[in-house]
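Please read these numbers as outputs of a predicted model, since none were measured by experiment.
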Amino acid sequence: MSTRGWDAIVVGSGIGGLACAAALAKTGYRVLVLEQHAVAGGLTHTFSRAGYAWNVGVHYIGEMGPGGRARAVLDWLTGGAVEMARIPAPHDVMHFPGGFEIGFAPPESALRLAIRERFPSAVAEIDAYFVALADAERAGLAALKTRAMPSAVSRLHAAWHHREVNRWCGATTAAVLARLAGDARLAAVLGSQWLDYGGLPSTSSFAMHALVMRSYLDGAHYPAGGASAFAGALAPVIRGAGGEVRTGARVSELVVKGGRATGVRLVGGETFAAPRVISDAGARNTVVRLLPSDLWYSDWAQEISALDSSACHVGLYLGFEGDIRGAGASASNHWFHESWGLDEAIWLDPGRTGSVPPVMFVSFPTLKDPRHETGGPPRHTAEVVALSGWDTFGAWEDTTHGHRPDDYLAVKAAIERNLLHAFRARFPALAPMIRHHEVSTPLTTIAFTGARQGAIYGLESTPRRLLSAALRPKTPVPGLFLAGQDVATPGIVGAMMGGMMAAAAVDPRLYPHLRWEPASR
């Protein structure tokens, strides 16, 4: 067992784990962060091929403008070391059948006007939707605030906000849209960004939808230099307080003695001790894979185990040579919806020849990054994402990255052909500029992050997830805490706030650094 004195151990170096560790470091804690991958950052890390670099999970981020809640937290954690570049409006362009196209741009009043112009007979419905969105955001924040509070105070807070939390957190996105939007096309537009949190409208909590969607009403930003900027800024804060971020360190189990978490054991047997262990490995992974078996059957563990994973995805990474902006690319994200159906967005048969993703998300990160430079001919990248079903990949779950069988490789190649065809159909002028392409699947996500079923957004975004009493950062196991998006909301901002919630649960002095007030717009 390591004899070095750690005040806390964080399992996982996603932005939730790094934010938690950095917050504790700023309060004087010596924190050891253990990351299974060779690179820190989780879904905020980047990878390179043939001179190109791509992000694996960062395409744009909300609440990062001046005065934004997430920006204030990030600046406090890093001392302002991460430069956030504003994405020119519109940050999202939605494409629907029949040539229907609409841009999502700040401020809220501009977005309202843009939607009103496309649906002039539904002005009252549109206004009611935005009012509901603000009300649901407040309810969602109240639910999260309850999770972060000490038990006695949280019970009073929960009782005070019981009605609004149940109303908005307990309602599905589809149910609210059906009540507010009589036109199915309007409902599809209002719910079109749900891929940002990975929950089908028919099952997702409307408060979860509101928390994520409202984060973009003041615009969207991109980390200058790419997503690796987060780990690059947070890791020095941890090390500066005597901590360490160790990569290539896969945790096999939590050490629990006398009912208390006292450390972790790595694959290979090395053990580290600390009076506090914070897991950023996902709530369900923590319970099912890391906890000793005698703790699996508590009500707390069973409630978490019963929660499903969010959607998984396939991704296409493209490298270009040439003036892609002149050929139709932009800093905007493009969402291509093949139908007006709210729930018709999961690609169930991505490996079938000629299959088309029902929704395809396209991002050009090099056009968002003010630090992107190329010597010689312009070199740019694109990231193409489509949410997929797990069933296609489950048969190979127990195979090893780099040693997959031929039948999997054949399906993966078919997915790559299908995504390339879909991209070329939407951006024909860019097709001749493609110099590199490769595809990732949910098995790739599992290999590098350990996410169950490759779910990039963690647990299901349902009412039961948002209302769950089990997803508190402070667990019933003394000394064990949960961080990351599972205790907050999906995505980069949610994961960071989940890390802050865990840090505040460890040391209440950090609670004032959590930002709960909805932004005024």
Side-chain angles (χ1 to χ4, degrees), residues 13-23 25-26 33 39-48 51-92 104-107 196 212 215-241 245 324-325 329-333 363-375 378-383 491-500 513-515 519:
S13 72
I15 194 170
L18 291 176
C20 177
K26 290 175 73 70
V33 180
V39 179
L43 287 169
T44 65
H45 85 268
T46 62
F47 73 97
S48 301
Y52 297 97
W54 298 270
N55 305 309
V56 296
V58 177
H59 304 105
Y60 65 144
I61 306 174
E63 296 184 359
M64 285 292 176
R69 288 176 297 174
R71 179 63 174 271
V73 173
L74 181 64
D75 283 352
W76 177 75
L77 287 170
T78 66
V82 179
E83 177 190 352
M84 298 301 299
R86 189 173 184 87
I87 298 174
H91 50 265
D92 281 331
F104 281 39
D196 277 337
V212 176
S215 73
Y216 294 110
L217 290 182
D218 286 328
H221 288 74
Y222 182 85
S228 60
F230 294 114
L234 291 165
V237 177
I238 298 163
R239 296 187 182 109
V245 179
I324 65 170
R325 195 185 297 274
S330 71
S332 302
N333 303 310
S363 170
F364 298 95
T366 49
L367 297 183
K368 301 174 186 179
D369 189 351
R371 296 185 188 173
H372 175 69
E373 295 180 1
T374 59
R379 292 164 64 86
H380 291 280
T381 60
E383 296 156 358
I492 300 303
V493 169
M496 182 178 70
M497 295 307 295
M500 287 296 299
H513 292 286
L514 287 166
R515 300 298 182 102

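Ser228 places no side-chain N or O within 3.5 Å of a backbone atom of His45 that could act as its donor or acceptor partner. Judged by distance alone, the side chain of Glu383 and the main-chain N or O of Pro365 form no donor-acceptor pair under 3.5 Å. Under a 3.5 Å cut-off, the side chain of His91 and the backbone N or O of Ile61 do not form any donor-acceptor pair.
Here His372 contributes atom NE2 and Thr381 contributes atom OG1; the two are 7.0 Å apart, rounded to the nearest 0.5 Å. Of the inter-residue distances, the one linking Thr366 atom OG1 with Trp54 atom CH2 reads 10.5 Å to the nearest 0.5 angstrom. Taking CG from Asp75 and CE from Met64, the interatomic distance works out to 8.0 Å, rounded to the nearest 0.5 Å. To the nearest 0.5 Å, atoms CG (Leu74) and CE (Met496) are separated by 5.5 Å.
Between Tyr60 and Asp92, some side-chain heavy-atom pair lies under the 4.5 Å cut-off. At least one side-chain heavy atom of Met500 sits less than 4.5 Å from a side-chain heavy atom of Leu77. Side-chain contact between Met84 and Pro223 is present, with at least one heavy-atom pair separated by less than 4.5 Å. Annotation: side chain of Ser363 is in contact with side chain of Lys368 (closest heavy-atom distance under 4.5 Å). Between Val493 and Ser215, the closest side-chain pair of non-hydrogen atoms is not below 4.5 Å. Side-chain contact between Thr78 and Leu234 is present, with heavy atoms from C-beta onward closer than 4.5 Å. Residues His380 and Arg325 have side chains not in contact (no heavy-atom distance under 4.5 Å, counting atoms from C-beta outward). Two residues are said to be in side-chain contact when any heavy atoms from C-beta on lie closer than 4.5 Å; Phe230 and Leu18 fail this criterion.
The side chain to side chain contact (heavy atoms under 4.5 Å, CB included) test applied to Pro370 returns Glu83, Ala85, Ala224, not counting sequence neighbours.
Annotation for Asp218 and Pro106: closest pair C-CB, 3.6 Å, computed over non-hydrogen atoms. Ile15 and Ala495 make their closest contact through CG2-CB, 3.6 Å (heavy atoms, listed as atom of the first residue, atom of the second, distance). The heavy-atom pair separating Ala70 from Gly62 by the smallest distance is CB-O, 4.2 Å. Smallest separation of non-hydrogen atoms from Gly499 and Cys20: O-CB, 3.3 Å. In terms of heavy atoms, Pro88 sits closest to Ala331 at CD-CB, 3.9 Å. For the pair Val58 and Tyr222, the tightest heavy-atom approach, listed with the atom from each and the gap, is O-CE1, 4.3 Å.
Residue pairs satisfying the salt bridge (Lys or Arg N to Asp or Glu O under 4.0 Å) criterion with at least one member in residues 224-240, sequence neighbours excluded, are absent.
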